[in-house]
Engineer: 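A single structure is presented below for examination.
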Amino acid sequence: MRLTRYFLPVLKETPAEAQIVSHRLMLRAGMIKQAAAGIYSWLPLGFRVLKKIERIVHQEQQRAGHIPMLMPTLQPADLWRESGRYDAYGPEMLRIKDRHGREMLYGPTNEELITDIFRAHVNSYKDLPLTLYHIQWKFRDEIRPRFGVMRGREFYMKDGYNFDIDRDAAIHAYNRHMVSYLRTYERMGLQAIPMRADSGPIGGDDTHEFLVLAETGESEVFYDTAVTDLKLGDRHIDYDDAEECAAIAKEWTTPYARTDETHDEALFAQIPEERRRRSRGIEVGQIFYFGTKYSEPMGAMVVNDNGERVPVHMGSHGIGVSRLVGAIIEASHDENGIIWPEGVTPFHVGLVNLRQGDAQTDNACEDIYKALAARGLETLYDDREERAGAKFATMDLIGLPWRITVGPRGLKNGVVELTCRRTGESEELSPEAAVERVAEIYTPHHAHHLGLPAGA
Ligand code: ATP
Ligand code: MG
């Protein structure tokens, strides 16, 4: 993408309304624009990041064997009366009437709708296990929308629902989700710690929230630093193997990690003092096992292998896709702007032309631009007639992890400069070698789709 043909409305001034760094940087980098309180338009740069995150979520869900679909944003109120949640949900639910006076609502979550789909089509244990998910906009009329996309009213969420024959099978689904979530966050360059949580309005026995440590997080968290040493890396995982999933879940949930809602001071005190941490965190996901809470009242039954009709065991699992954009920035920025992890960066590399209009420099940039595209790399080429300082400031603000700088002085010696946004370190290389290096850096990220169904 050539910057002169793009739409990147960066702001010079720091917007006064933004209280936390991710919100300020998203506004300054031209990623979002507020439409109404807690409701945002995603401008092109922000949209690219949102889609990168969404894609990772899709890939990791499908790797775990979960099936994508799409449910509507608007739902009939009657379904929620069946589960008993229509009155229980309170003012966070946006209630709407259509022209015929029928009561509708903008979905804050989808347990009722998915249970209705399930009961219409599934009757036998032979069709289980089944996990369906979608990524769709939600609306919760939050009393205090704030922090930009982190606490919006309209927000983008992955929500998935498992249907299993009994508790054991549903616990496998729970653990499978935990492992797939750990992988998902790791690919985004994040450490999200599963913490024992309270069940809240979704209800249920078993639930973990995933928290990204950040000073600006809304939750108070308590943990043993042993949990922060854990990493999945490129471990091969067989998601059908219940024992393997349970073992990984156990590895991550054995060290103490809880939010203030479930914190137990006495248990916490048993951890060696040097490993005890009290901090703040951003909730980027949550998983629940809730048994027959919805299947019973809504009649989602299957015939088991004894010929009896039994309610299915369910769980639901959410990832805050739009909140993650802010959470990643909270976890990865400096005083000059955003620092995107390679897995979610809007463009893989920035190309800066130091002397726009100089034939040799322009040609070198065009060649590099084409060579990067030929490698499947997305480049933002700053081809504006601007001072070098202004071009660098823009690149630093929008946070592309790698930058290639091309100027007449370097070209005289046959070199360009490759700069790492995170460390600030630069290296002089031939244009060909610079392209090669960037391609190598992204190879592991591009390899993630291998072995997945087309479209994942
Ligand atoms: P919170 O406690 O932050 O209000 P929640 O526990 O009510 O969130 P869940 O029902 O668990 O939310 O939804 C799944 C995920 O959706 C959350 O982990 C979070 O990442 C995201 N999410 C929830 N509410 C919002 C919101 N208002 N704006 C942006 N993302 C949200
Ligand atoms: Mg939650």
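Counting starts at 1 for both ligands and their atoms, following the listed order. Just the heavy atoms: all of them, side chains too, but no hydrogens, waters or symmetry mates, feed the values below.
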Engineer: Using heavy-atom distances only, which candidate in E218, M150, H317 approaches atom 29 (C) of ligand 1 most closely?
Structural biologist: M150
Engineer: Just one of V179, L232, I193 clears the side-chain contact (heavy atoms from CB on, under 4.5 Å) bar with W252, so which one?
Structural biologist: L232
Engineer: Identify, by name, the N, O or S atom of E283 lying closest to the Mg ion (ligand 2).
Structural biologist: OE2
Engineer: Given 3.5 Å as the limit, does a donor-acceptor pair link the side chain of E154 with the main chain of I39, or not?
Structural biologist: no
Engineer: Spell out, as yes or no, whether a donor-acceptor pair under 3.5 Å connects the side chain of H58 to the backbone of E54.
Structural biologist: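 Between the backbone of E54 and the side chain of H58 there is no qualifying donor-acceptor contact (under 3.5 Å).
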Engineer: Using 2.8 Å as the threshold, say whether any N, O or S atom from E209 sits that close to the Mg ion (ligand 2).
Structural biologist: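 No - counting backbone and side chain alike, E209 has no N, O or S atom under 2.8 Å.
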Engineer: Among R151, E283, E261, which one has a heavy atom closest to atom 4 (O) of ligand 1?
Structural biologist: R151
Engineer: Hey, does G285 come in under 3.5 Å of ligand 1, counting only N/O atoms on both sides?
Structural biologist: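 It does: an N or O of G285 is found under 3.5 Å from an N or O of ligand 1.
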Engineer: Any N or O of G152 that comes nearer than 3.5 Å to an N or O of ligand 1?
Structural biologist: yes
Engineer: Verify, without hydrogens or angle tests, whether R153 (side chain) and G38 (backbone) share a donor-acceptor contact under 3.5 angstrom.
Structural biologist: no
Engineer: Does ligand 1 have an atom that lies less than 4.0 angstrom from a heavy atom of T109?
Structural biologist: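 Contact check T109 vs ligand 1: negative.
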Engineer: Enumerate the atoms of ligand 1 whose separation from the nearest heavy atom of V284 is less than 4.0 angstrom.
Structural biologist: 18 (O), 20 (O)
Engineer: Please determine if S322 has a nitrogen or oxygen closer than 3.5 Å to a nitrogen or oxygen of ligand 1.
Structural biologist: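 The answer is no, given that S322 and ligand 1 share no N or O pair closer than 3.5 Å.
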Engineer: State whether the side chain of K391 and the backbone N or O of D382 hold a donor-acceptor pair below 3.5 Å, judged by distance alone.
Structural biologist: yes
Engineer: In this structure, is the centre-to-centre distance between the rings of Y161 and Y294 below 6.0 Å?
Structural biologist: no
Engineer: Which of the numbered atoms in ligand 1 are below 4.0 angstrom from a heavy atom of M157?
Structural biologist: 13 (O), 14 (C), 16 (O)
Engineer: Residue-level breakdown please: for V149 versus ligand 1, do any non-hydrogen atoms fall below 4.0 Å on the side chain, on the backbone, on both, or on neither?
Structural biologist: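 The part of V149 near ligand 1 is the backbone, not the side chain.
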Engineer: Please confirm whether R140 comes within less than 3.5 Å of ligand 1 when only nitrogen or oxygen atoms on both sides are compared.
Structural biologist: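 Yes; the residue has a nitrogen or oxygen that sits under 3.5 Å from a nitrogen or oxygen of the ligand.
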Engineer: Do R258 and F268 meet the cation-pi criteria used here (NZ or CZ under 6.0 Å from the six-membered ring centre, within 45° of the axis)?
Structural biologist: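 Relative to the ring axis of F268, which defines the angle, R258 lies outside at least one limit.
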Engineer: When rounded to the nearest 0.5 angstrom, what is the spacing between NE2 in H208 and OG1 in T262?
Structural biologist: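 These two atoms lie 8.5 Å from each other.
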